[in-house]
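Proteins get letters first, then strands, A, B, ... in listed order; numbering begins at 1 in each.
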There are 2 protein chains.
Amino acid sequence: MPFEDKKKSRVTLLDVARRANVSRATASLVIRKSPLVGTETRARVEEAMRELGYVYNMGAARLRAERSHTVGVIVPNLTNPFFAELLSGIEAVIDSAGMVVILANSGDLVERQDMVMRRMREHGVDGVIVCPAAGTEPAFLHQITEWDLPLVQVLRQISEEVDYAGSDYAAGMRQAVDYLASLGHRTIAFAVHGPIHSAYRERVEGFCDAMQSRGLDPNMIVRLPNQIGEIADAAHLLFSEGKQPTAVICFNDVIALGLSAGLYDRGLKVGENFSLIGFDDVTDAEAMRPRLTSVSTAPVTIGANAARLLLDRLTDPLRPARRVVNETILHIRQSCGPIAISA
Amino acid sequence: MPFEDKKKSRVTLLDVARRANVSRATASLVIRKSPLVGTETRARVEEAMRELGYVYNMGAARLRAERSHTVGVIVPNLTNPFFAELLSGIEAVIDSAGMVVILANSGDLVERQDMVMRRMREHGVDGVIVCPAAGTEPAFLHQITEWDLPLVQVLRQISEEVDYAGSDYAAGMRQAVDYLASLGHRTIAFAVHGPIHSAYRERVEGFCDAMQSRGLDPNMIVRLPNQIGEIADAAHLLFSEGKQPTAVICFNDVIALGLSAGLYDRGLKVGENFSLIGFDDVTDAEAMRPRLTSVSTAPVTIGANAARLLLDRLTDPLRPARRVVNETILHIRQSCGPIAISA
DNA sequence: CTTCGCGTTTAGATCGATCTAAAAGCTTTT
DNA sequence: AAAAGCTTTTAGATCGATCTAAACGCGAAG
């Protein structure tokens, strides 16, 4: 560390300029790596910056240049590992573009979502990636674009006119149904929970379509508690009203984990006399016993896609809205088996 | 939405002032809720703000006022649900203080940590909460405080002279060892993985101390792979070199989940003829079968504590460093049992 | 009538960068 | 030698708020 003036206030571009015997303007060109400035001068300025321990003041720059190098990210729930992975994918891409992520949690509540969106505007983010809270109106998103704030919706699609990154949930459901059908299952339940939003509806519709196109009854949709600890004890709901499913597809891996436990408690052997398919394929799937067969939606990839969509839109705000929907992959492990002959 | 000038550039405080027939200065006092301004005037200004759809420009304010209402958070790994919960606790407290979180991922690499810390400084954060990457030198943290940047270390303690929020890992280990000992276990392994840092050392030392103070051999420390999928297949390492532990304490719940599967694969019945204790007590613990007994470190609480420490320091930068160490709780479920008589 | 005090309002400088348009150097033409 | 054409550098205005110190209006005190 070379000698610095600690007691004095922060060192500014003007200080650097003086030390290097150039003007403020020239120094500014150097930091921004403009090709205009001469090689020798550039070296002198960079040397001065190092000597003085200069740090760029983004805030001042943003005021003039109208770019904050900042991206807002709004998610409905941070504690869910799925969103954590999503966030990780977003952060990686945004970071490598030299920008930073401003994070906010909407708690899946539209009022809080309004709040944090206002805050993001005040902080002057260059754009926003939002997983819209359940119940979000298209008007909310249109409002944002009318503010000229670049926007990407992720995971949940509210408006056709706004960029979207997600996964092909319906196709994923079809993969799950097809796989179970190929094993001989004909009575298949669908276990759901959580708030109702587009991703929810896509999965439900995907399930129903896939079942119907095979002539199977799509009406065994069972709603389970949201709390992970309560799911296991609700496993009996699968068999209420005299239904006898031989397999269940889960809305996500959290449910699959809970039901796996609940079915075990009831003496059923998952993968032998009962089949279970998860959705999302989070890291735990591999560590469960039996290993969970799950439809992989690759949250990190979705996050990265969303971030790239936003970066593209930043460079061209007028480009028409795009959808980036990545393919799901059925990851077959051990939690499904052929239908038991006896049943 | 009242009539706005969409095509024109953003509406500024001066516009508001003009509309309300006051000066820029008065309008400024109104937004900042100063008691100086008259009731009637305040109402008129607020009305004008509403009519024009004014949004506060934090960037401009920060430049003058030297406060950005922004807090940097640096974590080593976002995909780990433990850090996601930690982040959630931080975000909630920071948000309710009217500030926002700027997020960065160090990937547990000191070079990247340097990078992102620089970026945070450039963005003018008011303070930083950092879970230091493995191998972080105390000098790194001291450097930050010399920059007059309020700082809190979370989960991992590098320097005594900097605020710290964490959990009493050593006490947690003692709880685990005591519990197993009370069930009659005498040969207890400790399964670890991951990078070496203060939290790692605290747990190892806590384990060794607790074992020794009961006259038990503390040398059965077994290192497992970092990848969750590989942990199960490494369960045999517990029994290498002819050792015959009857119980294992895990460094975290990720290992516990993996080992639970691996032990199952080897035909051992966890909770009956083998005992398993996790550490952290993440949400999955409840959903495992058998339900995982785990030492709860309450990541959300730690995060909230860290955020509060930072807010306190923001208001009083000279206050001496504090440590907020929250108590662990042994959450007893089903994965431990009395030592098998036959053994 | 002037002075003082008090609550309210304001003009003008300021924060630290960027941007524009023009100037200063330098070489090459005419 | 002057003009033209480069490349490189610069002065000064500017972004939108905050801060300081002074002014203003008005009733009470001297």
Side-chain angles (χ1 to χ4, degrees), chain A residues 5 8-46 48-49 52-70 98 119 121-126 148, chain B residues 5 8-46 48-49 52-70 98 119 121-126 148:
Chain A
D5 264 298
K8 277 286 157 205
S9 57
R10 78 148 21 93
V11 24
T12 147
L13 199 49
L14 185 57
D15 300 325
V16 172
R18 272 199 279 256
R19 158 84 86 151
N21 272 320
V22 295
S23 74
R24 203 161 66 259
T26 310
S28 176
L29 291 176
V30 172
I31 358 173
R32 283 178 289 154
K33 309 200 190 305
S34 157
L36 289 176
V37 54
T39 336
E40 198 273 333
T41 316
R42 150 163 296 124
R44 218 165 61 239
V45 173
E46 279 170 348
M49 286 173 40
L52 296 174
Y54 170 75
V55 286
Y56 187 59
N57 185 333
M58 201 61 117
R62 113 176 12 176
L63 181 56
R64 189 71 234 271
E66 310 266 79
R67 279 219 43 195
S68 67
H69 295 270
T70 276
R119 198 110 86 193
R121 280 229 289 164
E122 292 183 346
H123 278 275
V125 294
D126 290 337
D148 285 325
Chain B
D5 264 299
K8 279 283 157 206
S9 59
R10 81 150 16 97
V11 24
T12 148
L13 199 48
L14 185 58
D15 300 327
V16 172
R18 271 199 281 255
R19 158 83 87 150
N21 271 318
V22 295
S23 75
R24 202 162 68 258
T26 309
S28 176
L29 291 176
V30 172
I31 359 172
R32 283 177 291 153
K33 309 201 190 307
S34 158
L36 289 176
V37 55
T39 334
E40 200 272 332
T41 317
R42 152 163 295 125
R44 216 165 63 240
V45 173
E46 279 169 348
M49 285 172 42
L52 297 175
Y54 171 75
V55 285
Y56 187 60
N57 184 333
M58 203 59 118
R62 114 174 11 175
L63 181 55
R64 189 73 234 273
E66 311 268 77
R67 279 215 50 190
S68 68
H69 295 267
T70 276
R119 198 112 83 192
R121 280 230 288 166
E122 292 182 346
H123 278 275
V125 295
D126 290 337
D148 285 324

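- Taking atom CD of A/Glu66 as the reference point, atom C1' of C/dT18 lies 11 Å away to the nearest angstrom.
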Check against side-chain hydrogen bond (donor to acceptor under 3.5 Å, both in side chains), A/Ser68 and A/Asp126:
CA-CA 6 Å; A/Ser68 67; A/Asp126 290 337; 3.2 Å; yes

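- Atom OH of A/Tyr56 and atom CE of A/Met49 lie 10.5 Å apart (nearest 0.5 Å).
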Distances for protein N/O vs nucleotides 9-12 of chain D N/O pairs under 3.5 angstrom?
residue	atom	partner	partner atom	Å
D/dT9	OP1	A/Thr41	OG1	2.3
D/dT9	OP2	A/Gly38	N	2.9
D/dT10	OP2	A/Ser23	N	2.8
D/dT10	OP2	A/Ser23	OG	3.3
D/dT10	OP2	A/Thr26	OG1	2.7

Quick one: what's the B/S/- string for nucleotides 23-28 of chain C, heavy-atom cutoff under 4.0 Å, read 5' to 3'?
------

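- Distance A/Arg10 CZ to C/dC15 C1': 10 Å, rounded to the nearest Å.
- Between A/Leu63 atom CG and C/dT14 atom C1' there is a gap of 12 Å when expressed in whole angstrom units.
- The side chain of B/Ser28 places no N or O atom within less than 4.0 Å of a non-bridging phosphate oxygen (OP1 or OP2) of D/dC19.
- Annotation: the span from B/Leu13 atom CG to B/Ser23 atom OG amounts to 9.0 Å, rounded to 0.5 Å.
- Between the P atom of C/dA17 and the CD atom of B/Glu122 lies a distance of 11 Å, rounded to the nearest Å.
- With a 4.5 Å cut-off on side-chain heavy atoms, B/Met58 and B/Thr70 do not count as touching.
- Checking D/dT18, C/dG16, C/dT18 against every side-chain atom of B/Ala61, the shortest atom distance belongs to D/dT18.
- Here the closest heavy-atom approach between residue B/Leu63 and residue A/Leu63 is recorded as CD2-CD2, 3.4 Å.
- Partners of B/Ser34 under the side chain to side chain donor-acceptor pair (under 3.5 Å) rule, at least two apart in sequence or in another chain, do not exist in this structure.
- Projected onto DNA chain C by closest heavy-atom contact, B/Pro35 and A/Asn57 fall at different nucleotides, the more 5' of which corresponds to B/Pro35.
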List the steps and the verdict of side chain to side chain contact (heavy atoms under 4.5 Å, CB included) for A/Leu52 and A/Arg19.
CA-CA 9 Å; A/Leu52 296 174; A/Arg19 158 84 86 151; 3.6 Å; yes

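- Nearest-nucleotide mapping onto DNA chain D: of A/Thr39 and B/Gly59, the residue sitting toward the 5' end is A/Thr39.
- Put simply, the side chain of B/His69 does not reach to within 4.5 Å of the side chain of A/Arg119, judged on heavy atoms.
- One interatomic measurement links the two molecules: CZ of A/Arg62 to C1' of C/dC19, which rounds to 18 Å at whole-angstrom precision.
- Using modelled atom types, one side-chain atom of A/Arg44 and one backbone atom of A/Ala20 make a donor-acceptor pair closer than 3.5 Å.
- Between the P atom of D/dT20 and the CZ atom of B/Arg32 lies a distance of 10 Å, rounded to the nearest Å.
- If you take NE2 of A/His69 and C1' of C/dA17, they are 12 Å apart, rounded to a whole angstrom.
- Distance B/Arg67 CZ to C/dC15 P: 20 Å, rounded to the nearest Å.
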